[in-house]
Visitor: 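What follows is a single structure, and I will ask about it in a moment.
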Number of protein chains: 2
Amino acid sequence: MNKNKPTKKDLKFAILAVDAVLFMVRDEQLEVLLMPVNIQPHFSGVHGVPGGLIDSSETADEAAERHLLEKAGVKNMYMEQLYTFSDVERDPRGRVVSVAYIALISQEQAGKIANKKDVEWFPVKKLPELAYDHRKIIQTAIERLSIKLEYTNIVCNLLPDEFTLSELQNIYEIILNKEIDKRNFRKKILSLGMLKEVSGKKVGGANRPAQVYSFKSKKLTTLDIL
Amino acid sequence: MNKNKPTKKDLKFAILAVDAVLFMVRDEQLEVLLMPVNIQPHFSGVHGVPGGLIDSSETADEAAERHLLEKAGVKNMYMEQLYTFSDVERDPRGRVVSVAYIALISQEQAGKIANKKDVEWFPVKKLPELAYDHRKIIQTAIERLSIKLEYTNIVCNLLPDEFTLSELQNIYEIILNKEIDKRNFRKKILSLGMLKEVSGKKVGGANRPAQVYSFKSKKLTTLDIL
DNA sequence: GCAAAAGTGTTCATAATACACCCATGG
DNA sequence: CCATGGGTGTATTATGAACACTTTTGC
């Protein structure tokens, strides 16, 4: 392909970046991790998802992991490629193509994060002003997450290892933005055979203790109903 | 590529390319368009899908369209982004990240293509030796296509404007690689309400003429059964 | 004893599957 | 008249949806 040196003219290349939309569920809300973006004279007082350039010796996946670790102190989370955004004008400073990722952690994991200054969780329903095309990226991520909730076990990445059926149902209701019948939900989720009972009950205050469950496997599995 | 010629200090970039996996169904087979790849000393006598670099003034989508037109003479086809492949060693000449696309045309459209020298259709079950990571890209494309057949109207892009139910069923059977009951298939596909009858019958030889149908809309629609 | 969440079954409607024969045409 | 693909219906089963009360605990 390009055999010339980077002579800067007619050279076809773009700066290649990654952006990672990191989700967590907390307080009955789907939240996304943002950090301030301050790029004079284009952006100030706005936020964006963590991201950065891809190094010449790493894959996009590795770059996304690295930037999440460096900028947000998060590691070992579930991550999948979302979409590659390549609008010519998406970065006012010049041509930057971004490979976007979805990443998921439980509230529990979120609590353990080395608290980097400047990172902050926002409910997706109350996003601040965003830099670049990050609103579109987040929107795309939410759609993907919603769809995958319905036909994969991806939800396991938003929960701690052990959880109750109510907690599980809650996450579905929050992300899908609708109420689900408790009896039908339990029947269905248990019939899928992905869960196992864990000994011990969760004592949660002034109410009946709940059975605790865990996923048999956290490997992404497609429930092919077809 | 170019990491040995860092004219721009620490500048991190990669060559950005697109690759387009163009599918067609013909002769009871899913076929993909390939062209020879001859890159000395790395590749000779092997094939790859059409593709090329992204220009600094075009999006990845536009680049994919352009390369399909330039290299294969195909235009106005259905196209969607597939995945971005970024393995560091995927191009032996240097770092090239590729945004891969799926494109679909009907056999009818394929026949009208200005016959570019060197392009050739191969059944996906009999692929020749392939350059780069194109086998992986094609594999990923086939999986995506199969999945989307089941919950979208994407199949319309593989058919001519007017077609019979048998032709439609045939495409499903070929791509999903399984037999489908004729009566159940018709019941289901008609109940989705995406088709309209077209006046006229298809006379196909020594048998009863078949009713002709067309899609009410070719816009990609998700059949949310959920 | 009461507030709060856990847990549990049945009925009904709809959708998926399995399955076999007659129809219209060209040669 | 026969070979070829077009076209149709029913019975069975599985799945999804609607729906209300009892249980266990902390206070």
Side-chain angles (χ1 to χ4, degrees), chain A residues 25-28 107 146-147 149-152 159-160 162-174 176-214 222-226, chain B residues 25-28 107 147 149-153 159-160 162-174 176-214 222-226:
Chain A
V25 172
R26 179 172 60 180
D27 298 339
E28 310 286 305
Q107 185 185 346
S146 304
I147 290 171
L149 265 198
E150 307 233 33
Y151 73 93
T152 71
L159 284 161
E162 303 190 343
F163 52 86
T164 68
L165 292 186
S166 294
E167 289 164 347
L168 177 58
Q169 178 173 346
N170 216 261
I171 296 203
Y172 274 91
E173 291 181 332
I174 290 164
L176 299 182
N177 213 13
K178 67 178 183 191
E179 291 197 351
I180 302 173
D181 180 84
K182 190 178 13 167
R183 286 162 293 186
N184 292 338
F185 178 80
R186 285 165 184 240
K187 219 182 308 170
K188 184 170 173 180
I189 207 81
L190 291 174
S191 77
L192 296 176
M194 300 185 307
L195 302 183
K196 59 171 183 248
E197 293 191 1
V198 171
S199 63
K201 307 247 173 183
K202 175 156 185 176
V203 182
N207 54 28
R208 177 172 172 176
Q211 176 65 51
V212 176
Y213 291 84
S214 71
T222 300
L223 322 169
D224 44 13
I225 320 177
L226 303 166
Chain B
V25 173
R26 178 173 60 181
D27 297 340
E28 310 285 305
Q107 184 184 346
I147 290 171
L149 264 198
E150 307 232 33
Y151 72 95
T152 72
N153 63 346
L159 285 161
E162 304 190 343
F163 51 87
T164 68
L165 292 185
S166 294
E167 289 164 348
L168 177 58
Q169 178 172 345
N170 218 269
I171 295 204
Y172 275 91
E173 291 182 331
I174 290 163
L176 299 181
N177 212 11
K178 67 178 182 193
E179 291 197 350
I180 302 174
D181 180 85
K182 191 180 10 169
R183 286 162 295 187
N184 293 337
F185 178 79
R186 284 164 185 240
K187 217 183 309 169
K188 183 169 173 182
I189 207 81
L190 291 174
S191 77
L192 296 176
M194 301 184 307
L195 301 184
K196 59 170 184 253
E197 293 191 2
V198 171
S199 64
K201 306 247 171 181
K202 176 158 184 174
V203 181
N207 54 27
R208 177 173 173 175
Q211 176 64 52
V212 176
Y213 291 84
S214 70
T222 300
L223 323 168
D224 44 15
I225 320 177
L226 302 166

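First the proteins, then the strands, lettered A, B, ... as listed; each starts at 1.
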Visitor: Any N or O donor-acceptor pair under 3.5 Å from the base of D:dG7 to the side chain of B:Lys182?
Guide: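 Pair found.
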Visitor: Can you tell me how far CZ of A:Phe185 sits from CG of A:Leu168, rounded to the nearest 0.5 angstrom?
Guide: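 Going from CG on A:Leu168 over to CZ on A:Phe185, the span is 4.0 Å.
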Visitor: Under 4.0 Å between a side-chain N/O of B:Arg186 and OP1 or OP2 of D:dG7, yes or no?
Guide: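 True: B:Arg186 side-chain N/O within range (under 4.0 Å) of D:dG7 OP1/OP2.
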Visitor: I'd like to know if A:Lys187 reaches the base of C:dT10 with its side chain, counting only an N/O donor and acceptor under 3.5 Å.
Guide: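 It does, because a donor-acceptor pair links the side chain of A:Lys187 to the base of C:dT10 below 3.5 Å.
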Visitor: Round to the nearest Å and state the distance from B:Ile189 atom CD1 to C:dT17 atom P.
Guide: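 Going from B:Ile189 (CD1) to C:dT17 (P), I get 14 Å.
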Visitor: Describe the nucleic acid contact of B:Ser166 in one word from base, sugar-phosphate, nothing, applying a heavy-atom distance below 4.0 Å.
Guide: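 The residue B:Ser166 makes sugar-phosphate contact but no base contact.
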Visitor: Nearest of D:dG6, C:dG26, C:dA18 to any side-chain atom of B:Asn184?
Guide: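 From the listed options, C:dA18 comes nearest.
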Visitor: Expressed in angstrom and rounded to an integer, what is the separation of B:Tyr172 atom OH from C:dA16 atom P?
Guide: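 It is 13 Å, rounded to the nearest whole Å.
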Visitor: For the pair made of CG in B:Asn170 and P in D:dG5, what is the distance, rounded to whole Å?
Guide: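 Going from B:Asn170 (CG) to D:dG5 (P), I get 11 Å.
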Visitor: Please state how far atom CZ in B:Phe185 lies from atom P in C:dA18, giving the value in whole angstrom units.
Guide: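 Rounded to whole Å, this separation is 16 Å.
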Visitor: Show the nearest heavy-atom pair for residues A:Tyr213 and A:Leu190, with the distance to one decimal.
Guide: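 Closest approach of A:Tyr213 to A:Leu190, heavy atoms only: CE2-CD2, 3.8 Å.
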Visitor: Out of C:dT25, C:dG7, C:dC19, which has the shortest distance to the side chain of B:Pro209?
Guide: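 Nucleotide nearest to B:Pro209's side chain: C:dT25.
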Visitor: So, the side chain of B:Gln211 versus the backbone of B:Val198: is there a donor-acceptor pair under 3.5 Å, distance only?
Guide: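 A pair under 3.5 Å: yes.
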Visitor: Can you tell me how far C1' of D:dA17 sits from CD of A:Glu179, to the nearest Å?
Guide: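 In whole Å, D:dA17 C1' lies 15 Å from A:Glu179 CD.
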Visitor: In whole Å, what is the span from the CD atom of A:Gln211 to the C1' atom of D:dT23?
Guide: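 So the two atoms are 15 Å apart, to the nearest Å.
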Visitor: Quick one: on DNA chain D, does B:Asn207 or A:Ala206 contact a more 5' nucleotide (nearest heavy atom)?
Guide: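 Nearer the 5' end of the strand: B:Asn207.
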Visitor: Both A:Asp181 and B:Arg183 contact DNA chain D. Taking the nearest nucleotide for each, which residue is further toward the 5' end?
Guide: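 Upstream on the strand: B:Arg183.
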Visitor: Taking the side chain from A:Glu167 and the backbone from A:Thr164, do they hold a donor-acceptor pair closer than 3.5 Å?
Guide: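 It does hold such a pair.
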Visitor: Side chains of B:Ile180 and B:Tyr172: closer than 4.5 Å at any heavy-atom pair?
Guide: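 Yes, their side chains come closer than 4.5 Å.
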Visitor: How many Å lie between NZ on A:Lys178 and P on D:dA17, as a whole number?
Guide: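 Value for this atom pair: 8 Å.
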Visitor: Grab the CD-P distance between A:Gln169 and C:dT8 for me, whole Å please.
Guide: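 For the pair A:Gln169 CD and C:dT8 P, the rounded distance is 14 Å.
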